[in-house]
Amino acid sequence: MTETTFDVLNPATGQLIERVADGTVQDATEAVHAAAAAFASWAVTPARMRAEILRRCYDLMVRDTDALACLIATENGKSVQDARAEVTYAAEFFRWFSEEAVRGEGTYGDAPGGGAKTLVTHVPVGVAALITPWNFPAAMATRKIAPALAAGCTVVLKPAEETPLTALALARLLQEAGVPEGVVNVVPTTDAPSVVSAWLKDERVRKISFTGSTGVGRILMRQAADRIVNASMELGGNAPFVITADADIDEAVAGAMIAKFRGGGQACTAANRFYVHEDVIDEFVEKFSAAVEALEVGPSSNHENQIGPVISQKARAGIAELVKTAIADGARVAVQGTVPDTGWFYPPTVLVDVPVRAHILSKEIFGPVAPIVSWTDEAEMLKSANDTEFGLAAYVYAGRLQDALRIAEQLDAGMVGINRGIISDPSAPFGGIKQSGIGREGAHEGIREYQETRYFSVDWS
Ligand code: NAD
(Lines give C-alpha, C1' and ligand atoms only; values in the text may rest on other atoms or scores of the structure.)
Protein backbone atom coordinates (compact mmCIF):
# COMPACT_ATOMS: atom_id res chain seq x y z
CA MET A 1 0.00 0.00 0.00
CA THR A 2 1.18 3.52 -0.82
CA GLU A 3 2.91 5.57 1.85
CA THR A 4 1.55 8.85 0.51
CA THR A 5 -1.34 10.22 2.52
CA PHE A 6 -4.00 12.87 2.22
CA ASP A 7 -5.69 15.01 4.84
CA VAL A 8 -9.27 14.52 5.95
CA LEU A 9 -10.61 17.81 7.30
CA ASN A 10 -13.50 18.74 9.53
CA PRO A 11 -15.68 21.10 7.41
CA ALA A 12 -16.96 22.84 10.54
CA THR A 13 -13.47 23.94 11.61
CA GLY A 14 -11.17 23.28 8.66
CA GLN A 15 -8.99 21.27 11.06
CA LEU A 16 -7.24 18.01 10.30
CA ILE A 17 -9.02 14.90 11.57
CA GLU A 18 -6.71 12.23 10.22
CA ARG A 19 -4.32 11.40 7.37
CA VAL A 20 -5.33 8.52 5.14
CA ALA A 21 -3.29 6.45 2.66
CA ASP A 22 -3.79 7.91 -0.80
CA GLY A 23 -4.58 4.88 -2.97
CA THR A 24 -2.81 4.53 -6.31
CA VAL A 25 -3.67 2.55 -9.44
CA GLN A 26 -1.40 -0.20 -8.12
CA ASP A 27 -3.38 -0.29 -4.85
CA ALA A 28 -6.58 -0.40 -6.89
CA THR A 29 -5.30 -3.37 -8.88
CA GLU A 30 -4.18 -5.17 -5.73
CA ALA A 31 -7.66 -4.66 -4.31
CA VAL A 32 -9.08 -6.39 -7.39
CA HIS A 33 -6.58 -9.28 -6.95
CA ALA A 34 -7.90 -9.71 -3.40
CA ALA A 35 -11.55 -9.44 -4.42
CA ALA A 36 -11.12 -11.85 -7.35
CA ALA A 37 -9.30 -14.38 -5.16
CA ALA A 38 -12.01 -14.21 -2.48
CA PHE A 39 -14.86 -14.44 -5.01
CA ALA A 40 -14.39 -18.15 -5.71
CA SER A 41 -15.19 -19.16 -2.13
CA TRP A 42 -17.57 -16.33 -1.18
CA ALA A 43 -19.82 -17.02 -4.18
CA VAL A 44 -20.33 -20.63 -3.04
CA THR A 45 -20.54 -19.91 0.69
CA PRO A 46 -24.02 -21.10 1.70
CA ALA A 47 -26.51 -18.23 1.60
CA ARG A 48 -27.47 -18.89 5.21
CA MET A 49 -23.86 -18.34 6.30
CA ARG A 50 -23.58 -15.13 4.27
CA ALA A 51 -26.88 -13.99 5.76
CA GLU A 52 -25.67 -14.59 9.31
CA ILE A 53 -22.50 -12.60 8.70
CA LEU A 54 -24.59 -9.73 7.28
CA ARG A 55 -26.84 -9.89 10.29
CA ARG A 56 -23.78 -9.57 12.55
CA CYS A 57 -22.75 -6.50 10.53
CA TYR A 58 -26.14 -5.02 11.43
CA ASP A 59 -25.73 -5.89 15.11
CA LEU A 60 -22.26 -4.37 15.25
CA MET A 61 -23.36 -1.17 13.52
CA VAL A 62 -26.14 -0.81 16.06
CA ARG A 63 -23.66 -1.48 18.88
CA ASP A 64 -21.32 1.21 17.49
CA THR A 65 -24.01 3.77 16.62
CA ASP A 66 -22.59 6.54 18.80
CA ALA A 67 -19.01 6.19 17.60
CA LEU A 68 -20.01 5.93 13.93
CA ALA A 69 -22.38 8.90 14.23
CA CYS A 70 -19.59 11.01 15.74
CA LEU A 71 -17.22 10.01 12.96
CA ILE A 72 -19.75 10.83 10.23
CA ALA A 73 -20.59 14.15 11.88
CA THR A 74 -16.91 15.05 12.15
CA GLU A 75 -15.85 14.27 8.59
CA ASN A 76 -19.08 15.21 6.80
CA GLY A 77 -20.19 18.08 9.05
CA LYS A 78 -23.84 17.00 9.46
CA SER A 79 -25.46 17.26 12.88
CA VAL A 80 -25.10 14.37 15.30
CA GLN A 81 -28.88 13.83 15.13
CA ASP A 82 -28.70 13.45 11.35
CA ALA A 83 -25.62 11.26 11.64
CA ARG A 84 -27.36 8.93 14.11
CA ALA A 85 -30.32 8.66 11.76
CA GLU A 86 -27.90 7.81 8.95
CA VAL A 87 -26.27 5.03 10.99
CA THR A 88 -29.68 3.50 11.72
CA TYR A 89 -30.65 3.69 8.05
CA ALA A 90 -27.25 2.37 6.92
CA ALA A 91 -27.36 -0.57 9.35
CA GLU A 92 -30.82 -1.56 8.12
CA PHE A 93 -29.36 -2.50 4.72
CA PHE A 94 -27.39 -5.26 6.43
CA ARG A 95 -30.49 -6.52 8.22
CA TRP A 96 -32.67 -6.29 5.12
CA PHE A 97 -30.18 -8.04 2.83
CA SER A 98 -29.39 -10.69 5.45
CA GLU A 99 -33.08 -11.54 5.05
CA GLU A 100 -32.99 -11.31 1.24
CA ALA A 101 -29.79 -13.38 0.92
CA VAL A 102 -31.62 -16.62 1.69
CA ARG A 103 -34.48 -16.04 -0.80
CA GLY A 104 -32.54 -17.38 -3.74
CA GLU A 105 -35.54 -17.93 -5.95
CA GLY A 106 -35.47 -19.37 -9.44
CA THR A 107 -38.16 -20.88 -11.66
CA TYR A 108 -38.79 -24.25 -13.24
CA GLY A 109 -41.11 -24.19 -16.23
CA ASP A 110 -42.32 -25.91 -19.38
CA ALA A 111 -41.35 -24.55 -22.80
CA PRO A 112 -44.73 -23.73 -24.43
CA GLY A 113 -43.91 -25.78 -27.54
CA GLY A 114 -43.26 -28.86 -25.39
CA GLY A 115 -40.14 -31.03 -25.36
CA ALA A 116 -38.11 -28.85 -22.99
CA LYS A 117 -38.01 -27.73 -19.40
CA THR A 118 -36.63 -24.29 -18.52
CA LEU A 119 -34.70 -23.77 -15.27
CA VAL A 120 -33.98 -20.15 -14.36
CA THR A 121 -31.47 -19.21 -11.69
CA HIS A 122 -29.52 -16.15 -10.49
CA VAL A 123 -25.77 -16.11 -9.94
CA PRO A 124 -23.44 -13.43 -8.54
CA VAL A 125 -22.15 -11.12 -11.24
CA GLY A 126 -18.56 -11.19 -9.93
CA VAL A 127 -16.25 -8.52 -8.53
CA ALA A 128 -18.19 -5.26 -8.11
CA ALA A 129 -16.67 -1.76 -8.05
CA LEU A 130 -18.59 0.53 -5.71
CA ILE A 131 -18.16 4.31 -5.85
CA THR A 132 -19.79 6.44 -3.16
CA PRO A 133 -20.33 10.15 -2.44
CA TRP A 134 -19.60 12.14 0.73
CA ASN A 135 -23.14 13.13 1.68
CA PHE A 136 -24.10 9.78 3.28
CA PRO A 137 -20.71 8.17 3.91
CA ALA A 138 -22.16 5.15 5.73
CA ALA A 139 -25.51 4.60 4.03
CA MET A 140 -24.31 4.91 0.45
CA ALA A 141 -21.67 2.28 1.23
CA THR A 142 -23.93 -0.22 3.02
CA ARG A 143 -26.70 0.20 0.41
CA LYS A 144 -24.20 -1.30 -2.05
CA ILE A 145 -22.05 -3.61 0.11
CA ALA A 146 -24.98 -5.44 1.72
CA PRO A 147 -26.78 -6.52 -1.50
CA ALA A 148 -23.47 -7.30 -3.21
CA LEU A 149 -22.40 -9.63 -0.40
CA ALA A 150 -25.89 -11.11 -0.13
CA ALA A 151 -25.72 -12.00 -3.84
CA GLY A 152 -22.29 -13.61 -3.40
CA CYS A 153 -20.19 -10.85 -4.99
CA THR A 154 -16.96 -9.46 -3.62
CA VAL A 155 -16.29 -5.73 -3.80
CA VAL A 156 -13.76 -2.96 -4.19
CA LEU A 157 -15.04 0.32 -2.75
CA LYS A 158 -13.82 3.84 -3.41
CA PRO A 159 -15.30 6.25 -0.88
CA ALA A 160 -15.41 10.00 -1.51
CA GLU A 161 -12.14 11.75 -0.79
CA GLU A 162 -13.90 14.07 1.71
CA THR A 163 -15.25 11.19 3.85
CA PRO A 164 -13.06 8.06 3.71
CA LEU A 165 -12.94 7.51 7.49
CA THR A 166 -16.48 6.13 7.79
CA ALA A 167 -15.83 3.61 5.00
CA LEU A 168 -12.61 2.49 6.70
CA ALA A 169 -14.44 2.14 10.03
CA LEU A 170 -17.12 0.06 8.30
CA ALA A 171 -14.45 -2.18 6.77
CA ARG A 172 -13.04 -2.91 10.25
CA LEU A 173 -16.50 -3.62 11.56
CA LEU A 174 -17.24 -6.02 8.68
CA GLN A 175 -14.04 -7.88 9.47
CA GLU A 176 -15.12 -8.22 13.09
CA ALA A 177 -18.50 -9.53 11.90
CA GLY A 178 -16.74 -12.35 10.06
CA VAL A 179 -16.61 -11.09 6.48
CA PRO A 180 -13.65 -13.07 5.07
CA GLU A 181 -10.49 -11.35 3.92
CA GLY A 182 -10.65 -10.00 0.37
CA VAL A 183 -14.45 -9.85 0.21
CA VAL A 184 -14.58 -6.10 0.93
CA ASN A 185 -11.63 -3.89 -0.09
CA VAL A 186 -11.66 -0.14 0.52
CA VAL A 187 -9.38 2.13 -1.51
CA PRO A 188 -9.51 5.81 -0.50
CA THR A 189 -7.79 8.08 -3.00
CA THR A 190 -7.46 11.65 -4.20
CA ASP A 191 -7.23 10.33 -7.76
CA ALA A 192 -10.72 8.94 -8.33
CA PRO A 193 -10.56 9.09 -12.15
CA SER A 194 -7.41 6.89 -12.35
CA VAL A 195 -8.50 4.39 -9.71
CA VAL A 196 -12.01 3.93 -11.10
CA SER A 197 -10.91 3.74 -14.72
CA ALA A 198 -8.31 1.11 -13.75
CA TRP A 199 -11.16 -0.92 -12.28
CA LEU A 200 -13.34 -0.47 -15.34
CA LYS A 201 -10.48 -1.63 -17.58
CA ASP A 202 -9.80 -4.71 -15.42
CA GLU A 203 -11.51 -7.73 -16.96
CA ARG A 204 -12.15 -9.24 -13.54
CA VAL A 205 -14.47 -6.34 -12.58
CA ARG A 206 -17.93 -7.19 -13.91
CA LYS A 207 -20.05 -4.57 -12.19
CA ILE A 208 -20.00 -0.89 -11.31
CA SER A 209 -22.43 0.66 -8.88
CA PHE A 210 -22.03 4.41 -8.67
CA THR A 211 -23.73 7.04 -6.50
CA GLY A 212 -22.91 10.64 -7.21
CA SER A 213 -23.52 13.41 -9.69
CA THR A 214 -25.10 12.89 -13.10
CA GLY A 215 -22.01 14.38 -14.78
CA VAL A 216 -19.65 11.79 -13.29
CA GLY A 217 -22.25 9.07 -13.91
CA ARG A 218 -22.11 9.87 -17.63
CA ILE A 219 -18.30 9.60 -17.65
CA LEU A 220 -18.41 6.23 -15.91
CA MET A 221 -21.15 4.84 -18.16
CA ARG A 222 -18.99 5.73 -21.18
CA GLN A 223 -16.04 3.90 -19.62
CA ALA A 224 -18.22 0.93 -18.65
CA ALA A 225 -19.34 0.70 -22.28
CA ASP A 226 -15.87 -0.35 -23.42
CA ARG A 227 -16.17 -3.74 -21.73
CA ILE A 228 -19.99 -3.81 -21.40
CA VAL A 229 -19.71 -3.68 -17.60
CA ASN A 230 -23.03 -4.04 -15.79
CA ALA A 231 -23.75 -0.53 -14.46
CA SER A 232 -26.10 0.79 -11.76
CA MET A 233 -26.30 4.56 -11.41
CA GLU A 234 -27.79 6.56 -8.53
CA LEU A 235 -27.42 10.15 -9.69
CA GLY A 236 -28.49 13.69 -9.02
CA GLY A 237 -31.95 14.99 -8.18
CA ASN A 238 -34.05 18.14 -8.27
CA ALA A 239 -37.09 17.21 -6.19
CA PRO A 240 -40.26 19.30 -6.40
CA PHE A 241 -42.31 19.60 -3.19
CA VAL A 242 -45.96 20.25 -4.08
CA ILE A 243 -48.54 21.60 -1.61
CA THR A 244 -52.23 21.76 -2.61
CA ALA A 245 -54.86 24.21 -1.37
CA ASP A 246 -56.38 21.73 1.09
CA ALA A 247 -53.14 20.29 2.52
CA ASP A 248 -52.58 20.28 6.27
CA ILE A 249 -50.07 23.13 6.43
CA ASP A 250 -48.59 22.21 9.81
CA GLU A 251 -47.89 18.72 8.48
CA ALA A 252 -46.50 20.16 5.25
CA VAL A 253 -44.14 22.43 7.21
CA ALA A 254 -42.93 19.48 9.30
CA GLY A 255 -42.36 17.40 6.14
CA ALA A 256 -40.68 20.31 4.35
CA MET A 257 -38.23 20.79 7.22
CA ILE A 258 -37.09 17.16 6.91
CA ALA A 259 -37.15 17.04 3.11
CA LYS A 260 -35.19 20.29 2.81
CA PHE A 261 -32.87 20.50 5.80
CA ARG A 262 -31.82 16.91 6.59
CA GLY A 263 -28.04 16.88 6.19
CA GLY A 264 -28.16 20.64 5.54
CA GLY A 265 -29.97 20.08 2.25
CA GLN A 266 -27.17 17.92 0.88
CA ALA A 267 -29.26 14.88 0.00
CA CYS A 268 -30.04 13.68 -3.52
CA THR A 269 -33.67 13.41 -2.38
CA ALA A 270 -33.67 16.94 -0.86
CA ALA A 271 -36.67 19.10 -1.73
CA ASN A 272 -35.20 21.55 -4.20
CA ARG A 273 -38.25 23.54 -5.31
CA PHE A 274 -41.46 24.25 -3.39
CA TYR A 275 -44.68 24.64 -5.42
CA VAL A 276 -47.30 25.97 -3.01
CA HIS A 277 -50.93 26.69 -3.97
CA GLU A 278 -51.71 30.40 -3.93
CA ASP A 279 -54.53 29.93 -1.38
CA VAL A 280 -52.16 28.61 1.30
CA ILE A 281 -48.82 30.17 0.39
CA ASP A 282 -48.98 32.96 2.99
CA GLU A 283 -49.72 30.54 5.81
CA PHE A 284 -47.03 28.12 4.59
CA VAL A 285 -44.36 30.82 4.21
CA GLU A 286 -45.10 32.25 7.65
CA LYS A 287 -44.96 28.90 9.46
CA PHE A 288 -42.07 27.50 7.41
CA SER A 289 -40.01 30.69 7.88
CA ALA A 290 -40.56 30.54 11.64
CA ALA A 291 -39.37 26.92 11.72
CA VAL A 292 -36.31 27.78 9.61
CA GLU A 293 -35.44 30.74 11.84
CA ALA A 294 -35.56 28.43 14.84
CA LEU A 295 -32.95 26.02 13.41
CA GLU A 296 -29.79 25.73 15.49
CA VAL A 297 -26.84 26.12 13.12
CA GLY A 298 -23.31 25.26 14.19
CA PRO A 299 -20.66 22.54 14.46
CA SER A 300 -21.69 18.99 15.28
CA SER A 301 -19.47 19.10 18.38
CA ASN A 302 -22.49 20.75 20.00
CA HIS A 303 -25.06 17.95 19.87
CA GLU A 304 -27.94 20.42 20.05
CA ASN A 305 -27.07 21.88 16.64
CA GLN A 306 -29.39 20.79 13.82
CA ILE A 307 -27.55 22.14 10.76
CA GLY A 308 -23.84 21.87 10.13
CA PRO A 309 -21.62 23.36 7.46
CA VAL A 310 -21.79 22.37 3.81
CA ILE A 311 -19.01 20.09 2.65
CA SER A 312 -16.52 22.63 1.27
CA GLN A 313 -15.73 26.23 0.48
CA LYS A 314 -16.46 25.48 -3.20
CA ALA A 315 -19.89 24.07 -2.33
CA ARG A 316 -20.68 27.13 -0.22
CA ALA A 317 -19.63 29.51 -3.01
CA GLY A 318 -21.84 27.58 -5.48
CA ILE A 319 -24.89 27.91 -3.22
CA ALA A 320 -24.26 31.62 -2.66
CA GLU A 321 -24.02 32.12 -6.42
CA LEU A 322 -27.34 30.32 -7.01
CA VAL A 323 -29.06 32.53 -4.42
CA LYS A 324 -27.60 35.58 -6.16
CA THR A 325 -29.06 34.47 -9.50
CA ALA A 326 -32.43 33.85 -7.85
CA ILE A 327 -32.50 37.41 -6.48
CA ALA A 328 -31.48 38.75 -9.89
CA ASP A 329 -34.37 36.72 -11.35
CA GLY A 330 -36.82 38.47 -8.99
CA ALA A 331 -36.86 36.31 -5.84
CA ARG A 332 -36.97 37.86 -2.39
CA VAL A 333 -35.23 36.58 0.76
CA ALA A 334 -37.93 35.89 3.36
CA VAL A 335 -35.57 34.45 5.96
CA GLN A 336 -31.84 33.99 6.21
CA GLY A 337 -30.30 32.69 9.41
CA THR A 338 -26.91 33.52 10.86
CA VAL A 339 -23.88 31.23 10.89
CA PRO A 340 -20.60 30.84 12.78
CA ASP A 341 -17.58 32.73 11.43
CA THR A 342 -15.38 29.70 10.85
CA GLY A 343 -16.16 26.63 8.75
CA TRP A 344 -18.12 26.28 5.50
CA PHE A 345 -21.52 27.30 6.83
CA TYR A 346 -24.30 28.64 4.63
CA PRO A 347 -27.30 30.13 6.44
CA PRO A 348 -30.68 28.38 6.10
CA THR A 349 -32.56 30.55 3.62
CA VAL A 350 -36.15 30.84 2.38
CA LEU A 351 -36.72 32.52 -0.99
CA VAL A 352 -40.19 33.70 -1.97
CA ASP A 353 -41.72 35.21 -5.15
CA VAL A 354 -39.47 32.91 -7.16
CA PRO A 355 -40.45 33.09 -10.85
CA VAL A 356 -41.14 29.67 -12.45
CA ARG A 357 -38.33 30.26 -14.94
CA ALA A 358 -35.72 31.23 -12.29
CA HIS A 359 -32.31 29.63 -12.90
CA ILE A 360 -32.11 28.29 -9.32
CA LEU A 361 -35.07 25.97 -10.00
CA SER A 362 -33.17 24.16 -12.74
CA LYS A 363 -30.13 23.36 -10.54
CA GLU A 364 -29.53 20.88 -7.73
CA ILE A 365 -28.92 23.39 -4.88
CA PHE A 366 -27.40 20.85 -2.46
CA GLY A 367 -27.60 23.29 0.43
CA PRO A 368 -30.04 24.77 2.98
CA VAL A 369 -31.94 27.02 0.57
CA ALA A 370 -35.69 26.71 -0.09
CA PRO A 371 -37.09 28.52 -3.16
CA ILE A 372 -40.89 28.86 -3.08
CA VAL A 373 -43.08 29.23 -6.18
CA SER A 374 -46.80 29.95 -6.13
CA TRP A 375 -49.27 28.01 -8.33
CA THR A 376 -52.96 28.02 -9.21
CA ASP A 377 -53.32 25.78 -12.28
CA GLU A 378 -52.46 22.13 -11.62
CA ALA A 379 -51.49 21.29 -15.21
CA GLU A 380 -49.15 24.30 -15.39
CA MET A 381 -47.62 23.45 -12.02
CA LEU A 382 -46.99 19.85 -13.14
CA LYS A 383 -45.36 21.07 -16.33
CA SER A 384 -42.95 23.24 -14.32
CA ALA A 385 -42.31 20.50 -11.76
CA ASN A 386 -41.38 18.07 -14.56
CA ASP A 387 -39.29 20.59 -16.48
CA THR A 388 -35.94 19.11 -15.44
CA GLU A 389 -33.54 16.43 -16.68
CA PHE A 390 -33.75 14.83 -13.23
CA GLY A 391 -36.37 12.40 -11.94
CA LEU A 392 -35.26 11.07 -8.58
CA ALA A 393 -37.66 12.16 -5.83
CA ALA A 394 -40.77 14.31 -5.42
CA TYR A 395 -43.15 15.15 -2.57
CA VAL A 396 -46.88 15.92 -2.50
CA TYR A 397 -48.92 17.25 0.41
CA ALA A 398 -52.67 17.19 -0.23
CA GLY A 399 -55.82 16.86 1.89
CA ARG A 400 -57.42 14.15 -0.27
CA LEU A 401 -55.49 10.99 -1.05
CA GLN A 402 -56.94 10.84 -4.57
CA ASP A 403 -55.58 14.33 -5.33
CA ALA A 404 -52.19 13.40 -3.91
CA LEU A 405 -52.06 10.21 -5.98
CA ARG A 406 -53.26 11.94 -9.15
CA ILE A 407 -50.45 14.51 -8.81
CA ALA A 408 -47.90 11.89 -7.73
CA GLU A 409 -48.66 9.73 -10.77
CA GLN A 410 -47.97 12.67 -13.06
CA LEU A 411 -44.68 13.69 -11.46
CA ASP A 412 -41.68 12.27 -13.34
CA ALA A 413 -39.86 10.75 -10.37
CA GLY A 414 -38.74 7.31 -9.29
CA MET A 415 -39.96 7.99 -5.74
CA VAL A 416 -42.74 10.21 -4.41
CA GLY A 417 -43.38 10.99 -0.74
CA ILE A 418 -47.12 11.45 -0.16
CA ASN A 419 -47.80 13.53 2.93
CA ARG A 420 -44.30 12.47 4.07
CA GLY A 421 -41.03 14.38 3.97
CA ILE A 422 -38.83 11.29 3.97
CA ILE A 423 -38.90 8.42 1.49
CA SER A 424 -35.73 6.40 2.04
CA ASP A 425 -36.48 2.88 3.27
CA PRO A 426 -34.26 -0.19 2.83
CA SER A 427 -37.30 -2.33 1.99
CA ALA A 428 -38.35 -0.02 -0.87
CA PRO A 429 -36.74 0.30 -4.32
CA PHE A 430 -34.64 3.48 -4.25
CA GLY A 431 -33.73 5.06 -7.57
CA GLY A 432 -34.47 7.57 -10.25
CA ILE A 433 -35.82 7.91 -13.76
CA LYS A 434 -34.66 10.23 -16.56
CA GLN A 435 -31.08 11.38 -15.87
CA SER A 436 -31.27 10.52 -12.17
CA GLY A 437 -30.12 7.01 -12.78
CA ILE A 438 -30.52 3.40 -13.79
CA GLY A 439 -31.30 0.56 -11.41
CA ARG A 440 -32.67 0.34 -7.89
CA GLU A 441 -31.10 -0.07 -4.45
CA GLY A 442 -32.78 -1.74 -1.48
CA ALA A 443 -35.96 -3.84 -1.70
CA HIS A 444 -36.10 -7.17 -3.58
CA GLU A 445 -34.71 -5.38 -6.64
CA GLY A 446 -31.49 -4.41 -4.85
CA ILE A 447 -29.95 -7.88 -4.88
CA ARG A 448 -30.74 -8.36 -8.58
CA GLU A 449 -28.34 -5.52 -9.44
CA TYR A 450 -25.54 -7.87 -8.36
CA GLN A 451 -26.80 -10.99 -10.12
CA GLU A 452 -26.90 -12.41 -13.61
CA THR A 453 -29.92 -14.39 -14.68
CA ARG A 454 -29.06 -17.73 -16.25
CA TYR A 455 -31.23 -20.48 -17.56
CA PHE A 456 -30.84 -24.11 -18.49
CA SER A 457 -32.92 -25.62 -21.23
CA VAL A 458 -33.41 -29.33 -20.50
CA ASP A 459 -34.46 -31.83 -23.13
CA TRP A 460 -37.75 -33.34 -22.00
CA SER A 461 -38.67 -35.39 -25.06
P1 NAD B 1 -19.48 13.34 -7.40
O2 NAD B 1 -20.11 12.78 -8.62
O3 NAD B 1 -18.55 14.49 -7.56
O4 NAD B 1 -18.61 12.21 -6.66
C5 NAD B 1 -19.14 10.96 -6.35
C6 NAD B 1 -18.02 9.94 -6.31
O7 NAD B 1 -17.43 9.84 -7.59
C8 NAD B 1 -16.89 10.31 -5.35
O9 NAD B 1 -16.42 9.13 -4.77
C10 NAD B 1 -15.85 10.90 -6.27
O11 NAD B 1 -14.53 10.78 -5.78
C12 NAD B 1 -16.02 10.04 -7.51
N13 NAD B 1 -15.59 10.68 -8.75
C14 NAD B 1 -15.60 12.00 -9.06
N15 NAD B 1 -15.13 12.17 -10.30
C16 NAD B 1 -14.82 10.96 -10.79
C17 NAD B 1 -14.31 10.50 -12.04
N18 NAD B 1 -14.02 11.32 -13.03
N19 NAD B 1 -14.11 9.18 -12.21
C20 NAD B 1 -14.41 8.35 -11.20
N21 NAD B 1 -14.90 8.70 -10.01
C22 NAD B 1 -15.11 10.01 -9.80
O23 NAD B 1 -20.67 13.64 -6.43
P24 NAD B 1 -20.60 14.23 -4.96
O25 NAD B 1 -20.40 15.69 -5.05
O26 NAD B 1 -19.66 13.44 -4.13
O27 NAD B 1 -22.08 13.89 -4.44
C28 NAD B 1 -23.15 14.70 -4.71
C29 NAD B 1 -23.97 14.16 -5.88
O30 NAD B 1 -24.36 12.82 -5.62
C31 NAD B 1 -25.27 14.92 -6.05
O32 NAD B 1 -25.53 15.13 -7.41
C33 NAD B 1 -26.31 13.98 -5.45
O34 NAD B 1 -27.60 14.17 -5.92
C35 NAD B 1 -25.75 12.65 -5.83
N36 NAD B 1 -26.29 11.60 -4.97
C37 NAD B 1 -27.19 10.72 -5.49
C38 NAD B 1 -27.74 9.74 -4.69
C39 NAD B 1 -28.74 8.78 -5.26
O40 NAD B 1 -28.98 7.77 -4.61
N41 NAD B 1 -29.32 9.00 -6.43
C42 NAD B 1 -27.38 9.65 -3.35
C43 NAD B 1 -26.46 10.55 -2.84
C44 NAD B 1 -25.92 11.52 -3.67
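When a ligand or atom number is given, it counts from 1 through the structure's own listing order.
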Item to complete: Give yes if a backbone or side-chain nitrogen or oxygen of E364 is under 3.5 Å from a nitrogen or oxygen of ligand 1, and no if not.
Response: yes
Worksheet entry | Backbone or side-chain N or O of N135 under 3.5 Å from ligand 1 N or O | no
Response to the item:
Note: heavy atom closest to atom 13 (N) of ligand 1, options A192, S197, S213, belongs to A192
Worksheet item: Would you call K434 and D412 a salt bridge, taking side-chain N to carboxylate O under 4.0 Å as the test?
Response: yes
Worksheet item: Given F210 and E234, is the side-chain contact (heavy atoms from CB on, under 4.5 Å) satisfied, shown in steps?
Response: CA-CA 6 Å; F210 170 74; E234 295 285 350; over 6 Å; no
Fill in: ring pair (Phe, Tyr, Trp, His ring centres under 6.0 Å) contacts in which one or both residues fall within residues 405-435, not counting sequence neighbours
none
Worksheet item: Where the closest heavy atom to atom 36 (N) of ligand 1 is concerned, which of C268, A139, G263 has it?
Response: C268
Worksheet item: Does W134 reach ligand 1 with a nitrogen or oxygen that is under 3.5 Å from one of the ligand's nitrogen or oxygen atoms?
Response: yes
Mind listing the side-chain donor-acceptor pairs of residues 127-146 below 3.5 Å, one per line with the distance, residues two or more places apart or on another chain?
residue, atom, partner, partner atom, Å
N135, ND2, Q266, O, 3.0
T142, OG1, A90, O, 2.9
T142, OG1, A138, O, 3.4
T142, OG1, A139, O, 3.3
R143, NE, E441, OE1, 2.6
R143, NH1, Y89, OH, 3.3
R143, NH2, E441, OE1, 3.1
K144, NZ, S209, OG, 3.0
K144, NZ, T211, OG1, 2.7
K144, NZ, E441, OE2, 2.9

Worksheet item: Among T132, L235, I219, which residue places a heavy atom closest to atom 6 (C) of ligand 1?
Response: T132
Worksheet item: Quick one: does G237 get a heavy atom under 4.0 Å from ligand 1?
Response: yes
Worksheet entry | Nearest-option assignment for atom 20 (C) of ligand 1, heavy atoms, candidates V195, I208, L220 | L220
Worksheet item: Looking only at heavy atoms of E441, does any of them come nearer than 4.0 Å to an atom of ligand 1?
Response: no
Worksheet item: Which atoms of ligand 1 sit under 4.0 Å from any heavy atom of V216?
Response: 2 (O), 13 (N), 14 (C), 15 (N), 16 (C), 17 (C), 22 (C)
Response to the item:
Nearest heavy atom to atom 33 (C) of ligand 1, choosing from F366, F430, F210, belongs to F366
Discussion item. Give me the nearest non-hydrogen protein atom to atom 11 (O) of ligand 1 as residue plus atom name, then the distance to 0.1 Å.
Written reply: K158 NZ, 2.9 Å
Fill in: Close-contact set for ligand 1 against V196 heavy atoms, below 4.0 Å
20 (C), 21 (N)
Worksheet item: Is the count of non-hydrogen atoms from other residues, nucleotides or ligands lying under 6.0 Å from R204 atom CZ greater than 12?
Response: yes
